[in-house]
Amino acid sequence: MIINLPGGNQREFDSEKSLFDIANEISPSLKKRSIVARLNGKLVDMDTVVTTDSSVEFITTDDPEALEVLRHSSAHLLAEAIKTLYPHAHFGVGPVIEDGFYYDIDLGEDILSEKDLPIIEKEMAKIASQNSKIEREVVSKEQALELFKDDPYKVELINELPESEEISIYKQAHFTDLCRGPHLPGTKWIKNFKLLSLAGAYWRGNSDNVQLTRVYGTAFFTKEELDEHLNLLEERKKRDHRKLGKQLDLFMLSEYGPGFPFWLPNGMILRRELESFWYDVHLKEGYKLIQTPIMLNKELWEISGHWANYRENMYTSTIDDMEFAIKPMNCPGGMLVYKRDIHSYKDFPLKVGELGLVHRHEASGALNGLFRVRNFTQDDAHIFMTEDMIVQEIRELVRLFDYMYKVFNLEYHIELSTRPEDKFIGKVETWDRAEKALADALESMGQDYKLNPGDGAFYGPKLDFKLKDSMKRIWQCGTIQLDMNLPERFDLTYIDSNGEKQRPVMLHRALYGSIERFIGILIEHYAGAFPTWISPVQVKVIPVNNEYHLEYAKTLVGELKDQGIRVEIDERDEKLGYKIREAQTKKIPYQLVIGDKEVESGQVNYRRYGEQNQVAVPTYEFIEMILAEIKEKK
RNA sequence: GCCGAAAUAGCUCAACCAGGUAGAGCAACUGACUUGUAAUCAGUAGGUUGCGGGUUCAAUUCCUGCUUUCGGCACCA
């Protein structure tokens with residue numbers, strides 16, 4: 001039997017051997033470090049016996065796959081501990097997730113609270129220290145059903161496994177789980193783990209099903225890595241935009257309006273900067289700007305289809321015996337504007353933008369700071385054109401989006417969502433053409449994207465721009481959606497070169513997505529230390545001694561204000577250190593300390609936020625520098 | 001919406017487990033100090049303990065309904 005190893009090496013063995021033995025033959029230390037192995041491309045347990053010529057790659061603790069195995073086995077260990085403490089517990093699923101693992105558990109009448117987590121952890125550690133072997137066994141469906149007959153969730157899973165699939169179970173000490181594997185050779189590897197949180201989670205992710213208790217945890221091979229991860233979690237909490245929003249006086253929320261954010265003066269500056277940037281860019285790009293009403297007659301929403309499809313999320317009001325709805329989207333209003341005029345193919349592409357305030361009644365449990373609110377401003381635009389313009393327009397948009405996101409140093413990836421399986425309107429051929437147009441545009445630019453089959457809106461395929469925040473959550477911000485529905489429903493037309501009426505193609509697109517959410521992401525992205533151009537206060541002037549330096553400081557503030565720089569002076573009778581500390585905690589980009597030296601030389605002494613060194617420059621030089629920085633959006 | 005947890009001064013938190021009508025730091029205000037890169041000192045004021053109901057001689061504390069927030073789930077045209 002010949003075993004091919006990575007790097008073109010080969011070993012020959014007379015008889016069948018377990019992967020343990022093979023690793024041992026290569027080197028005892030390899031055996032010690034190996035968690036699982038890739039046998040002919042498939043990850044398997046170390047006690048797997050190899051009988052024929054094969055390729056083998058040992059996965060050691062250094063490989064990323066090993067971490068997943070560790071976490072998967074940690075989930076089993078968690079289950080075993082729970083089973084020990086709560087013998088009546090039934091188990092759902094316990095998979096590995098991005099930063100750890102979880103297990104869904106039915107505890108019957110029992111309720112777990114955070115206080116129980118350390119107790120469970122202790123039990124886990126106790127079991128792990130016994131170093132029981134984790135062993136795989138293949139069973140028939142009947143055996144599996146018999147084995148898990150008291151576990152209703154497992155029975156459900158077993159019954160849904162395809163007949164062709166081999167059913168395996170994993171045994172460790174006093175616990176056996178239905179599992180595909182692979183797993184660690186033994187529980188002794190599980191040393192550095194932590195249970196993090198509890199949550200309710202619907203069985204199989206369906207809200208019609210019962211809710212199980214989900215325990216989240218994480219695990220690493222070394223204590224250092226675990227500590228580092230836990231520190232990271234702490235760090236992320238510090239960046240939480242809700243916390244920073246409070247500290248930096250950006251926005252507030254009130255019980256009187258759950259999900260309706262209030263913008264404070266500092267937050268308004270962020271908004272206004274983002275909005276005026278948006279307006280500038282869009283005017284440059286040839287967009288026309290409009291504003292449509294917040295509230296429109298129910299009949300309009302019947303035409304648009306929102307009344308039938310989106311009513312649950314709409315706020316309504318009856319006025320003069322007529323029913324009105326507050327707009328959850330801007331498009332129907334935009335349609336009315338389009339229909340006001342007769343359009344020619346010569347007008348195309350017609351790009352119409354609107355920063356429109358929409359209201360959506362989101363589920364109470366979904367609300368989350370600025371990330372999920374009930375009223376928000378969409379930076380919407382509708383682009384009307386002929387079908388053969390699609391590829392070119394998409395290219396233009398991807399370029400525009402890329403430019404805007406780069407200004408903020410934001411990472412993103414694009415997803416192409418295609419026709420839903422059953423719920424869609426229009427002809428399949430039209431969908432195919434539209435999807436191809438989107439894909440062609442991306443490919444012609446060499447732009448990578450992920451395919452999201454069946455995830456399109458019912459009215460058309462879309463490109464979503466997903467930004468990653470500091471909590472590693474993915475947020476949909478930008479979106480480009482082809483709409484094959486509204487032009488039809490509103491009977492939009494244009495006159496083609498033959499003088500005949502035609503149906504235009506329409507794109508919806510949003511770049512920030514929602515200004516509120518985008519600001520939330522920026523707060524966390526910058527940890528509240530905004531680049532100068534959007535910073536609510538750009539410069540803080542601090543006189544060393546009011547008696548001698550206040551006058552000069554005030555003159556300086558005047559000069560900066562004349563240049564449009566947002567500057568504040570701290571003229572309180574406090575120690576210098578006190579005022580500096582406050583300027584630092586408010587994360588103001590530049591603090592200028594004005595004392596004798598500056599007054600005498602006509603200079604300023606600045607310190608950039610996040611830096612320790614102080615720089616003395618002539619006032620005009622400082623002004624030139626900061627103006628350039630603002631202009632370049634740094 | 002669902003599961004679980006929480007709500008005390010403007011902010012961050014204590015007192016609650018074993019009921020006896022709340023305390024600290026920061027911020028605010030007053031005064032003194034007159035300062036060179038992250039907190040000067042002293043004093044003053046600040047609370048219907050989220051809202052309502054119940055148990056009790058007595059409720060911030062125990063029970064309960066509601067509201068909001070947090071962690072998730074579901075949702076997210």
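Lettering of chains follows the sequences in order, A, B, ..., and the numbering in each one begins at 1.
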Separation of atom CD in Gln476(A) from atom P in rC75(B), rounded to whole Å: 15 Å

Have a look at Arg509(A) and tell me which of Leu482(A), Thr479(A), Ile480(A), Leu463(A) forms a side-chain contact (heavy atoms from CB on, under 4.5 Å) with it. Ile480(A)

Considering only the P atoms, how many Å lie between rG36(B) and rG31(B), rounded to the nearest integer? 24 Å

Select one nucleotide: of rG71(B), rA38(B), rG1(B), the one nearest the side-chain heavy atoms of Asn368(A). rG71(B)

Minimum side-chain heavy-atom gap Gln538(A)-Val567(A) below 4.5 Å: no

Lys154(A) side-chain N/O to Gly92(A) backbone N/O, donor-acceptor pair under 3.5 Å: yes

Tyr590(A)/Phe622(A) aromatic ring centres below 6.0 Å: yes

As a test of reading the structure: which of rC3(B), rC75(B), rG36(B) is closest to the side chain of Val544(A), going by heavy atoms? rG36(B)

Do Tyr315(A) and His361(A) have their ring centres less than 6.0 Å from each other? yes

Dot-bracket encoding per residue of RNA chain B, Watson-Crick/G-U cut-off under 3.5 Å, | denoting interstrand: (((((((..((((......[..)))).(((((.......))))).....(((((..]....))))))))))))....

Nearest-nucleotide pick for Ala199(A), side chain only, options being rC2(B), rG72(B), rC76(B): rG72(B)

Under a 4.0 Å heavy-atom criterion, the protein footprint on nucleotides 24-33 of chain B, written with B, S and -, is ---SS----B

Which nucleotide in the list rU12(B), rG71(B), rG36(B) gets nearest to the side chain of Glu598(A)? rG36(B)

